[in-house]
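Every chain is numbered from 1 and lettered A, B, ... according to where its sequence line falls, protein lines coming before strand lines. Owing to the predicted nature of the structure, the values given are computational and were not obtained by experimental measurement.
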There are 2 protein chains.
Amino acid sequence: MGKDLIHENLAKQVKNKMLSDDLLFDIAEVFKIFGDSTRIKIIYALKLSELCVSDLAFITNSSDSAISHQLRILKQAKLVKSRKEGKVVYYSLKDDHVIKLFEIGCEHAHEL
Amino acid sequence: MGKDLIHENLAKQVKNKMLSDDLLFDIAEVFKIFGDSTRIKIIYALKLSELCVSDLAFITNSSDSAISHQLRILKQAKLVKSRKEGKVVYYSLKDDHVIKLFEIGCEHAHEL
DNA sequence: CTCTTATCTGAATAATTGTTCATATATTTA
DNA sequence: TAAATATATGAACAATTATTCAGATAAGAG
């Protein structure tokens with residue numbers, strides 16, 4: 001027999017309706033990407049304009065290296081895309097989802 | 001003189017338009033809360049129904065203690081609220097912002 | 001070709017964080 | 001009052017992660 005459940009029926013019903021662990025994990029992963037100050041700064045900056053690594057380093061007061069690392073993470077998460085022009089790599093937001101997510105997070109933060 | 005900037009005007013313009021560090025930090029904090037599998041499971045479960053600690057522990061296959069810790073974090077972040085009825089504490093989502101954020105994150109995760 | 005510049009990368013470090021375990025608090029029941 | 005139950009809490013531990021530093025690529029300039 002299982003543990004005593006206070007609201008057995010309700011709890012089992014909810015458990016049956018739960019999304020798959022894989023999907024829930026992926027959802028958490030998306031949010032994790034947004035959950036870092038440096039990356040949020042990058043996202044907000046890219047919301048304003050396409051920018052290269054050293055621009056972003058200047059804008060966010062970070063090192064080129066730190067920004068490059070974070071851009072790799074953002075790119076792997078398919079939140080930004082890049083194009084190369086000579087020595088310079090230009091980054092921009094991949095789609096409107098990113099902007100929507102940012103804006104709703106922003107609204108919530110305002111309501112603190 | 002400052003560092004050489006590749007796109008001096010553009011970078012300075014964007015930097016001037018940046019949100020305050022405090023606000024950007026708060027935005028990142030909101031997302032950080034969503035960026036954990038256990039908490040995402042809790043949020044999704046509470047989207048379906050008001051639930052108590054042990055219900056959530058059962059639903060998420062976690063210990064009561066782990067859930068209690070996470071609920072404290074969610075409550076401090078003003079994402080959930082609680083009411084006490086005897087020995088039992090019932091948790092629910094605080095507002096629709098939480099649901100909206102979850103759903104957009106969900107959409108993006110689907111598009112992987 | 002050589003030098004400089006822009007970006008990237010890997011390893012090391014420091015800091016943060018989620019879970020567990022033991023225990024505490026609060027409330028109901030016997 | 002004493003026992004049982006639901007939840008909360010603090011410390012310790014393990015795992016993850018962001019940054020730095022040194023150095024590696026890649027591309028243009030001289």
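Residues passing the ring-ring contact (aromatic ring centres under 6.0 Å, His included) test with A:Tyr90 are B:His7, sequence neighbours excluded. With sequence neighbours excluded, the residues satisfying side-chain contact (heavy atoms from CB on, under 4.5 Å) with B:Lys32 are B:Glu29. By the ring-ring contact (aromatic ring centres under 6.0 Å, His included) test, B:Phe102 pairs with B:Tyr44, sequence neighbours left out. For B:Glu107, there are no salt bridge (charged side-chain N to carboxylate O under 4.0 Å, His left out) partners, not counting sequence neighbours. Every side-chain contact (heavy atoms from CB on, under 4.5 Å) that B:Lys81 has, sequence neighbours left out, goes to B:Ser92, B:Lys94. In this view, B:Ala109 and A:Leu23, A:Asp26, A:Ile27, A:Val30 satisfy the side-chain contact (heavy atoms from CB on, under 4.5 Å) rule, not counting sequence neighbours. Legend: residues meeting side-chain contact (heavy atoms from CB on, under 4.5 Å) with A:Lys15, ordered by chain and number and at least two apart, are B:Phe58, B:Ile59, B:Asn61.
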Evaluate the criterion side-chain contact (heavy atoms from CB on, under 4.5 Å) for residue pair A:Arg83 and A:Glu50; output intermediate values, then yes/no.
CA-CA 10 Å; A:Arg83 70 185 175 84; A:Glu50 178 187 66; 2.8 Å; yes
Protein and nucleotides 8-12 of chain C: nitrogen or oxygen contacts under 3.5 angstrom:
unit_1: C:dC8; atom_1: OP1; unit_2: A:Tyr91; atom_2: OH; d: 2.5
unit_1: C:dC8; atom_1: OP2; unit_2: A:Ser68; atom_2: OG; d: 3.0
unit_1: C:dC8; atom_1: OP2; unit_2: A:Tyr91; atom_2: OH; d: 3.4
unit_1: C:dT9; atom_1: O4; unit_2: A:Ser65; atom_2: OG; d: 2.7
unit_1: C:dG10; atom_1: O6; unit_2: A:His69; atom_2: NE2; d: 2.8

Please enumerate all protein N or O atoms sitting under 3.5 Å from an N or O of nucleotides 26-30 of chain C, with distances to 0.1 Å.
unit_1: C:dA26; atom_1: O3'; unit_2: B:Lys84; atom_2: NZ; d: 3.4

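The two residues A:Ala28 and B:Ser37 come nearest to each other via the heavy atoms CB-N, 3.7 Å. In plain terms, the two heavy atoms of B:Leu101 and A:Phe31 that are nearest each other are O-CZ, 3.2 Å. The nearest pair of heavy atoms linking A:Cys52 to B:Ile6 is SG-CD1, 4.0 Å.
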For residues 69-77 of chain B, dump all side-chain donor-acceptor pairs below 3.5 Å to protein atoms at least two apart in sequence or in another chain.
unit_1: B:His69; atom_1: ND1; unit_2: B:Arg72; atom_2: NH2; d: 2.9
unit_1: B:Gln70; atom_1: OE1; unit_2: B:Arg39; atom_2: NH1; d: 2.8
unit_1: B:Lys75; atom_1: NZ; unit_2: B:Ser82; atom_2: OG; d: 2.7

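As rounded to whole Å, 12 Å separates atom P of C:dT7 from atom CZ of A:Arg83. Atom-to-atom, CG of B:Leu5 to P of C:dT7 comes out at 11 Å; the value is rounded to the nearest Å.
Taking the 5' to 3' direction, DNA chain D first and last meets chain B under 4.0 angstrom from a heavy atom at D:dT5 to D:dG10.
The environment of CG in B:Asn16 is crowded: more than 12 heavy-atom neighbours from other residues, nucleotides or ligands sit within 6.0 Å.
Of the residues in residues 20-49 of chain B, not one places a heavy atom less than 4.0 Å from an atom of DNA chain D.
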